[in-house]
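This report refers to the structure that appears directly beneath it.
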Amino acid sequence: MGRTILCPHCNSALNEDILKQRNSENICLVCGKPLDSNVSGGEHSEWITWYYYGHKSDNGKTTSLRDKPIDLNEHGDVFFLIKEFKAPPRDASGSSEKAKEILRTYVPDAFKELQETPKVKCPYCFSSEVQIVPKRFSLLTGFATNKFERVCVRCKRKF
């Protein structure tokens with residue numbers, strides 16, 4: 001099994017053995033461009049490598065996008081690498097919006113705003129202190145049920 005080669009133009013992963021069988025060791029089978037990443041004058045020769053990291057404390061919900069790598073040997077207990085990709089450098093204002101746009105093609109939910117989970121409130125006293133209590137018996141059949149009721153801890157009403 002040959003090694004996997006990544007095309008610098010279309011980011012396609014290609015197997016080295018398949019490239020040798022097709023006699024195209026230096027040409028990408030997907031886009032047809034040269035696989036040598038040192039070719040100057042390429043379409044995106046000015047692009048740099050970006051690093052998209054997640055924080056281990058919240059399992060990657062908090063993320064950061066950097067144009068310089070973090071030493072994971074030193075900070076591996078805090079960060080983990082989610083994606084490494086090529087994109088244009090920061091613009092004159094220091095913004096990395098184009099890099100974020102390209103990152104979203106790989107990770108669609110990157111930098112999405114976290115949605116708040118709706119709070120359950122008592123419709124009578126508007127308290128958010130609510131318990132879920134199982135209904136024990138059905139009045140119709142007299143047997144145990146698997147239904148639940150919400151009970152307000154403050155006003156003790158069921159809803």
Side-chain angles (χ1 to χ4, degrees), residues 1-18 28-31 33 37 43-44 46-159:
M1 189 86 185
R3 64 186 175 118
T4 302
I5 299 172
L6 189 67
C7 175
H9 305 286
C10 66
N11 290 329
S12 299
L14 305 164
N15 190 324
E16 186 179 34
D17 291 340
I18 294 173
C28 176
L29 296 174
V30 178
C31 67
K33 295 184 180 175
S37 61
E43 185 179 348
H44 302 295
E46 72 281 354
W47 284 15
I48 62 170
T49 303
W50 287 86
Y51 304 91
Y52 182 55
Y53 292 101
H55 293 263
K56 285 187 176 180
S57 61
D58 58 3
N59 201 21
K61 289 182 182 173
T62 307
T63 57
S64 64
L65 181 64
R66 298 172 183 247
D67 52 359
K68 293 187 176 31
I70 295 176
D71 183 12
L72 292 178
N73 292 330
E74 185 178 334
H75 301 290
D77 54 337
V78 179
F79 297 103
F80 64 96
L81 181 65
I82 297 174
K83 182 70 181 165
E84 180 178 330
F85 64 100
K86 294 260 187 199
R90 294 184 192 274
D91 58 9
S93 64
S95 174
S96 59
E97 288 303 314
K98 186 67 178 167
K100 288 180 182 179
E101 182 182 323
I102 292 172
L103 173 63
R104 285 189 195 101
T105 62
Y106 301 113
V107 184
D109 58 345
F111 296 105
K112 235 184 201 178
E113 303 234 351
L114 296 176
Q115 297 177 351
E116 279 192 36
T117 56
K119 302 277 184 183
V120 177
K121 290 188 177 184
C122 173
Y124 304 105
C125 69
F126 303 106
S127 170
S128 60
E129 301 172 23
V130 176
Q131 273 187 331
I132 296 179
V133 187
K135 270 186 161 180
R136 293 213 167 89
F137 295 98
S138 169
L139 293 175
L140 273 177
T141 62
F143 293 110
T145 64
N146 59 353
K147 296 183 180 179
F148 296 92
E149 292 180 321
R150 294 182 180 130
V151 178
C152 177
V153 175
R154 188 173 288 166
C155 71
K156 310 289 189 240
R157 291 186 180 172
K158 296 179 182 177
F159 59 97

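In this text, all values refer to a predicted model and were calculated from it rather than measured experimentally.
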inquiry  = Could you check whether Glu101 pairs with Lys98 (Lys NZ or Arg NE/NH1/NH2 to Asp/Glu carboxylate O, under 4.0 Å)?
reply    = yes
key: Spatial distance of atom OG (Ser127) from atom CD (Glu129) [nearest 0.5 Å]   = 4.0 Å
ask   = Are Arg90 and Trp50 close enough that some pair of their side-chain heavy atoms sits under 4.5 Å apart?
value = yes
request  = Any chance you could measure Cys28, atom SG, to Leu6, atom CG, to the nearest 0.5 Å?
outcome  = 9.0 Å
ask   = At their closest point, which heavy atom of Val153 faces which heavy atom of Lys156, and how far apart are they?
value = O-NZ, 2.7 Å
message = Counting only heavy atoms not in Lys56 (residues, nucleotides, ligands), do more than 12 fall under 6.0 Å from its NZ?
response = yes
ask   = Does a side-chain heavy-atom distance below 4.5 Å link Ile18 with Leu29?
value = yes
task = Hey, could you give me the CZ/CZ distance between Phe126 and Arg154, rounded to the nearest 0.5 Å?
result = 12.0 Å
ask   = Does Tyr106 reach the side chain of Ile82, with side-chain heavy atoms less than 4.5 Å apart?
value = no
inquiry  = Other residues, nucleotides and ligands only: do more than 12 of their heavy atoms fall within 6.0 Å of CG on Asn59?
reply    = no
ask   = Where is the tightest heavy-atom contact between Pro89 and Ile48, given as atom of each residue plus distance?
value = CA-CD1, 3.9 Å
ask   = Looking at side-chain heavy atoms only, is the closest gap between Tyr53 and Pro69 below 4.5 Å?
value = yes
query = Are any of the side-chain heavy atoms of Ile70 and Tyr51 separated by less than 4.5 Å?
reply = no
remark   = Here the pair of heavy atoms bringing Cys31 nearest to Cys10 is SG-SG, 3.8 Å
query = Does the side chain of Trp47 come within less than 4.5 Å of Ile102's, by heavy atoms?
reply = yes
inquiry  = With a sphere of 6.0 Å drawn around CZ of Arg150, does it hold more than 12 non-hydrogen atoms of other residues, nucleotides or ligands?
reply    = no
request  = Please assess Thr49 against Lys86 for the test side-chain hydrogen bond (donor to acceptor under 3.5 Å, both in side chains), listing each intermediate value before the final yes or no.
outcome  = CA-CA 5 Å; Thr49 303; Lys86 294 260 187 199; 3.3 Å; yes
query = What's the shortest heavy-atom distance between Phe148 and Pro134, and which atoms?
reply = CD2-CA, 3.5 Å
ask   = Where do Val120 and Val130 come nearest, in terms of heavy atoms and distance?
value = O-CG2, 4.0 Å
task = Could you tell me the separation between the NZ atom of Lys83 and the OG1 atom of Thr105, rounded to the nearest 0.5 Å?
result = 8.5 Å
inquiry  = If you define the side chain from C-beta out and look only at heavy atoms, does anything of Asp67 sit under 4.5 Å from Ser96?
reply    = no
message = Rounded at 0.5 Å granularity, tell me how far CZ in Phe79 sits from NE2 in His55.
response = 4.5 Å
